[in-house]
Each structure stands twice: as C-alpha cells, then as structure tokens.
Amino acid sequence: MADAKELSKTIIKSHRNFDLHATLFSGQSFRWSQKENFSGYYSTVIDNKIFLLRSIDSTTFEIFSQSKEAFCLQISDFFRWYFAFDIDENSIFSSDFQRDYPELWRMVKPYRSVRVMRQEPFEIMVTFMCAQGIGMHLIRRQVSMIAERYGQKIVLETPEGEMVFYGFPTPSALASADPSELALCTNNNRIRAANIIAMARSFESGKLALACVGSGECDLETLRETLCVHSGIGLKIADCIALFGLGRFDAFPIDTHVKQYLWEWFGIEEARRSLTEKNYRILQEKARAILGTECAGYAGHILFHCWRKEVKKMKAF
DNA sequence: ATCCAGGTTCAGG
DNA sequence: CCTGAACATGGA
C-alpha cells in the first residue's frame, strides 16, 4: 500500500470468523470505501481520524491510523467494540432454529462471519433517514455528499500525492444547514433535508444525545418512542438506529427484504400484506418467536445479507 | 416502459 | 384500521 509516514499500525486478532468486506458492505455502514492508492485496504474517517483496514486472514486484520503508537491499545479496544467481538456468532442462531430450518441453516451458516457493528449514533440516524424507498447506491451517494459538504476535510500526505477524506458532519453543522442546500445532498428530497435538520437540532439540544447515553438499559419500546418523535423516523428507521447505532442487537428492523424472507423462508402470512404499524409489530413478534429475543436483530441482519446475496443475487452492496 | 429499491407522512373512506 | 399518493432518483 502507499506509504504514509504519519500512520501507525495495529494488528488485531479477533478470535472470530470475521469477513471484513462483507461486514463493511452488508448495508449497515455507508462510510467505507476502497481507494486507488490503497488497494486491498478499506478506509473511513471516524471521529475525524482516518483509518485503513485490511484483513490478513479470517480472524486477523491490521489497521493503519493517524494515532501515536501509545494509543494503539485504545485503537485495538475500540475496534473490538466497534465490530462487536464480544458477541459470539455461534450463539446467534439457536439449536432449535438449526433443527427446524436445516436447509436454510446450511445456506445462512457462512454468513455468520458478517459482524453487526456499533457505529456512531448520530451518523446512523442521518444515514438511515436517507434510506427511504430507494436503493443502497443512492443512499451511499447521499451520505458521501453530506460528508463532503458538511464534514471536516482531512488530507493524508502520501508519496503518491495528497488523499482527501471527509469526517462525518457534527450535529451542529447539520443543525445550521440551509434546507435547500442540504436537499442537494438528499436526492433533492426537501422533506428529508428538513427532517434531518430538525433531528440534528434535537440532537444538538441534548435531548436526543441524552437518550443515546441511556439507550443500553432502557426498554426498546421507550427508545423507539423517543426516536419516532422526530419527523422522518418511523418504526423501521428507529429500529435501524437502535441496531446499528446504539448496539441494541435485539432491535429487529423490517424492510422490504426482511418482509420478503419472512414470507419465503418462514411462511409468515402477515408478511404478504402491507407494512402498517400494526402489521409491523405482529411481524416482529413472530420473527422473535423464531429468532429469539436477545439477538433478533443481529440474526436478522445476517439473514438480510444472505437473502440479498443468495436469493436476490445482488452483486453490488 | 414499468417496477422496485433498507419508508414515512398525510388525506380520505 | 385500511389504502393511495406524494416525496425523488436510478438501475434492472
């Protein structure tokens, strides 16, 4: 890879069967990419610091970061948390599930190397507010445009030249954004832009931020209520925020894909009808009866990814 | 051309 | 409590 002197290296052994590529591009994160100068490396900016990741083998990966050597231990700890290595993927699908759905289990098994990540709450809120009834390609484009316009520009010097990255915008940067300017980044959807600004203001005021701090202990229903107060956040997006941004692996978002596999794989009749709030809750209950309560969302994401790859034959993440 | 893509909200029966 | 429309764009 390109040699950048300001970067220091950390090696992490995950002790887990870990598919870095599938994890980063399974649709839970839209902020990772591969740049030309760093072939084989995935890069992103977290907390305005650049990180480059590459997998060495199925359990080991290396990280290049802008931190000093002394902070490598913290980096190691951070990524263990970020990729949720405390969660044992072998405990996600119960033995009952494995017995009741043998063919499905055979297909899903390899996809347990997809980790569900603990990402920044605010970033996840904005990201999934951009994810309404459009494809992932467009979601990714919106998120990068938002970062390029409102995030901090970060330049990395390499022998091959400068490389430009953008941090994710702070709540205050989006809170003070001009609606029609932000709409240029939200697929020209002015309602969405206005919703994001209002949410950012709520976050900045401390109301939403505080709810995130206590999100670990609070029950899911209360958490959803706090999130759904905001225009543009319904049940599904609230569940995505809980799952991907607040480490609530019990949250089970139901989108068009999940709805499809709930019918095709589990024969749940309600999954053929439209996703009204009432039906959404019924479907969640039935899904939890199959996948368990603790890690329903974690399992759901693995099924989601498996469905898109194996059944829908989607190439692009 | 038509339908679908990680939905939500609002009006009307 | 239900459906349909509006919001917007791009890929298959």
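Numbers restart at 1 for each chain; the letters A, B, ... are given by sequence-line order, proteins then strands. What you see below is based on every heavy atom in this structure, not just the backbone, and it leaves out hydrogens, waters and symmetry mates.
Counting only heavy atoms from C-beta on, I134(A) has its side chain closest to dT9(C) among dT8(B), dC2(C), dT9(C). Set against dG6(B), dA8(C), dC2(C), the side chain of I139(A) has dG6(B) as its closest nucleotide. Picking from dA8(C), dG10(C), dT3(C) the nucleotide with the shortest atom distance to the side chain of R190(A) gives dA8(C).
In terms of phosphate contacts, T256(A) brings a side-chain nitrogen or oxygen within less than 4.0 Å of OP1 or OP2 of dA5(B). Dashed line: the shortest gap from a side-chain N or O of N188(A) to OP1 or OP2 of dT9(C) is under 4.0 Å. Using a 4.0 Å cut-off, no side-chain N or O of K313(A) falls inside it from OP1 or OP2 of dA12(C). Regarding contacts with the backbone of dA5(B), a side-chain N or O of Q260(A) is found under 4.0 angstrom from either OP1 or OP2. Residue H257(A) has a polar side-chain atom (N or O) positioned under 4.0 Å from OP1 or OP2 of dG6(B). Taking side-chain N and O atoms only, S231(A) has no distance below 4.0 Å to OP1 or OP2 of dT8(B). For the pair T276(A) and dC2(C), the criterion of a side-chain N or O lying under 4.0 Å from OP1 or OP2 is met. OP1 or OP2 of dA8(C) lies within a sub-4.0 Å distance of a side-chain N or O belonging to N189(A). A close approach under 4.0 Å does not occur between any side-chain nitrogen or oxygen of R308(A) and OP1 or OP2 of dA5(B).
The environment of E225(A) atom CD is dense: over 12 non-hydrogen atoms of other residues, nucleotides or ligands sit within 6.0 angstrom.
Nucleotide dG13(B) has dC1(C) as its partner under the Watson-Crick or G-U criteria, with both atom distances under 3.5 Å.
For E120(A) and Y82(A), the side-chain atoms include no donor-acceptor pair closer than 3.5 Å.
Under the rule for a salt bridge (charged side-chain N to carboxylate O under 4.0 Å, His left out), the partners of D47(A) that lie at least two apart in sequence or sit in another chain are K49(A).
Separating the CD atom in E221(A) from the SG atom in C228(A) is a distance of 8.5 Å, to the nearest 0.5 Å.
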